[in-house]
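Worksheet: one structure, shown below.
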Amino acid sequence: MEEAPPRGFSEEQFRAACRELDQPAPAAAGGAWQLLVESMGVRIYRLLHEQSGLYEYKVFGGLADCPPELCADVYMDLDFRKQWDQYVKELYEKTYDGEKIIYWEVKYPFPLSNRDYVYIRECRVMDVDGRKIWVVLAQSVSVPQCPEKPGIIRVKSYKQSLAIESDGKTGSKEWCAYFLEGHAKSLP
């Protein structure tokens with residue numbers, strides 16, 4: 001029996017996230033990004049995925065009074081998220097077959113069904129030409145120990161990239177890319 005290749009993220013994926021911090025707008029390769037909204041120094045772009053009919057999003061911005069290491073710590077702290085995010089129904093990290101897996105169920109208001117995610121995530125602090133950049137990558141995975149639950153829509157295609165560095169003062173400069181695709185099921 002052949003062993004499955006290890007899941008995870010490549011060095012190039014982490015470096016690509018770092019390069020995004022230097023882009024004033026998303027690169028045009030592979031499609032036409034549209035500026036969706038710009039407010040308070042944050043720009044949100046979207047790109048239509050023709051095959052799924054859904055959008056991928058990229059966000060550029062910063063937090064003037066929050067250093068990058070604090071932003072990364074808050075982002076990675078699942079227990080803290082349960083305290084401030086009222087939409088978390090269930091959120092935990094477990095190790096299955098030597099791999100850390102996150103399960104997250106998000107509450108949606110009636111008449112919508114809750115959504116859940118099963119994913120891997122990794123944070124690295126990168127040194128890029130003397131710049132210290134925190135990068136977090138996440139992507140959905142299939143794990144037999146986390147089967148789909150009746151009445152909850154499983155987000156089967158999820159990926160997120162986040163890069164954070166100092167703004168040179170007391171805050172941080174950030175870039176984030178996000179895509180998800182849930183598969184609706186007919187309910188009895």
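Side-chain atoms are counted along with the backbone in the values below, which use heavy atoms only and exclude waters and symmetry mates. Keep in mind the model is a prediction, meaning the values are calculated, not measured.
A cation-pi arrangement, defined by a distance under 6.0 Å to the six-membered ring centre and an angle within 45 degrees of its axis, is present between R46 and Y55.
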Step by step, would you call K156 with E148 a salt bridge (Lys or Arg N to Asp or Glu O under 4.0 Å)?
-> CA-CA 10 Å; K156 295 191 179 192; E148 292 184 42; 2.8 Å; yes
Worked check of side-chain contact (heavy atoms from CB on, under 4.5 Å) between K132 and W134 = CA-CA 7 Å; K132 190 173 184 180; W134 286 256; 3.6 Å; yes
Worked check of side-chain contact (heavy atoms from CB on, under 4.5 Å) between E174 and C71 = CA-CA 9 Å; E174 303 181 15; C71 289; 3.2 Å; yes
side-chain contact (heavy atoms from CB on, under 4.5 Å) evaluation trace for V74 with D77 = CA-CA 5 Å; V74 167; D77 190 335; 5.8 Å; no
Would you check, one step at a time, whether the test side-chain contact (heavy atoms from CB on, under 4.5 Å) holds for R131 with L21?
-> CA-CA 11 Å; R131 294 162 58 194; L21 281 169; 4.1 Å; yes
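Residues Y178 and Y158 place their aromatic rings such that the two centres sit under 6.0 Å apart.
No single ILVMFWY cluster, assembled from side-chain heavy atoms under 4.5 Å apart, contains both L54 and V59. Following chains of ILVMFWY side-chain contacts shorter than 4.5 Å, one cannot reach L63 starting from Y75, and the two form parts of different hydrophobic clusters. The hydrophobic clustering, which links ILVMFWY residues whose side-chain heavy atoms are closer than 4.5 Å, places L112 and Y87 together. If you chain together hydrophobic residues whose side chains sit under 4.5 Å apart, L48 and L35 never meet in one group. Y57 and V37 end up in the same hydrophobic cluster when Ile, Leu, Val, Met, Phe, Trp and Tyr side chains are linked at under 4.5 Å.
Looking at heavy atoms from C-beta onward, Y103 lies out of side-chain contact with E93 at the 4.5 angstrom threshold. Side-chain contact between Q34 and L47 is absent, with no heavy atoms from C-beta onward closer than 4.5 Å. The shortest side-chain heavy-atom distance between C123 and V135 does not fall under the 4.5 Å cut-off. Looking at heavy atoms from C-beta onward, L137 lies out of side-chain contact with R121 at the 4.5 angstrom threshold. Between V136 and M76 the shortest side-chain heavy-atom distance falls below 4.5 Å. Residues C146 and Y96 form a side-chain contact, since some pair of their non-hydrogen atoms from C-beta on lies under 4.5 Å apart. You'll find the side chain of F60 reaches within 4.5 Å of the side chain of E20, heavy atoms only. For the pair I164 and W175, the minimum side-chain heavy-atom distance is 4.5 Å or more.
Going from atom OG of S157 over to atom NE2 of H49 covers 8.5 Å, rounded to the nearest 0.5 Å. We find the NZ-CG distance between K82 and L91 to be 5.5 Å, quoted to the nearest 0.5 Å. Expressed to the nearest 0.5 Å, how far CG of L36 lies from CH2 of W33 amounts to 11.0 Å. Distance OG/S140 to CD1/I101: 10.5 Å, rounded to 0.5 Å. Atom NZ in K89 sits 14.0 Å away from atom CZ in R115 (nearest 0.5 Å). Between atom CE of residue M126 and atom CZ of residue R15 there is a gap of 4.0 Å, rounded to the nearest 0.5 Å.
Of the possible polar contacts, none joining the S113 side chain to the I152 backbone as a donor-acceptor pair under 3.5 Å is found. Put simply, the side chain of S166 never gets that close to the backbone of P68: no donor and acceptor are under 3.5 Å apart. K58 places no side-chain N or O within 3.5 Å of a backbone atom of C176 that could act as its donor or acceptor partner. At least one donor-acceptor pair under 3.5 Å links the side chain of S10 to the backbone N or O of Q13.
Salt-bridge formation is detected for the pair E90/K149: a Lys NZ or Arg NE/NH1/NH2 atom is positioned less than 4.0 Å from an Asp or Glu carboxylate oxygen. Ionic pairing of K173 and D167 is not present here: no N-O contact between side-chain nitrogen and carboxylate oxygen is shorter than 4.0 angstrom. The existence of a salt bridge linking K94 and E99 is excluded, since no basic side-chain nitrogen approaches an acidic carboxylate oxygen closer than 4.0 Å. For the pair R124 and E122, the salt-bridge criterion is met [side-chain N within less than 4.0 Å of a carboxylate O].
Within 6.0 Å of OH in Y92 there are more than 12 heavy atoms belonging to other residues, nucleotides or ligands. Taking a 6.0 Å sphere around CG of D97, one finds it holds 12 or fewer heavy atoms contributed by other residues, nucleotides or ligands. Atom CD of E12 has more than 12 neighbouring heavy atoms from other residues, nucleotides or ligands inside a 6.0 Å radius. Within a 6.0 Å radius of NZ in K100, no more than 12 heavy atoms belonging to other residues, nucleotides or ligands are found.
Taking the six-membered ring where the residue is Trp, Y117 and W104 present parallel rings, their angle staying beneath 30° rather than reaching 60°.
Here the closest non-hydrogen pair linking V143 and V118 is CG2-CG1, 4.0 Å.
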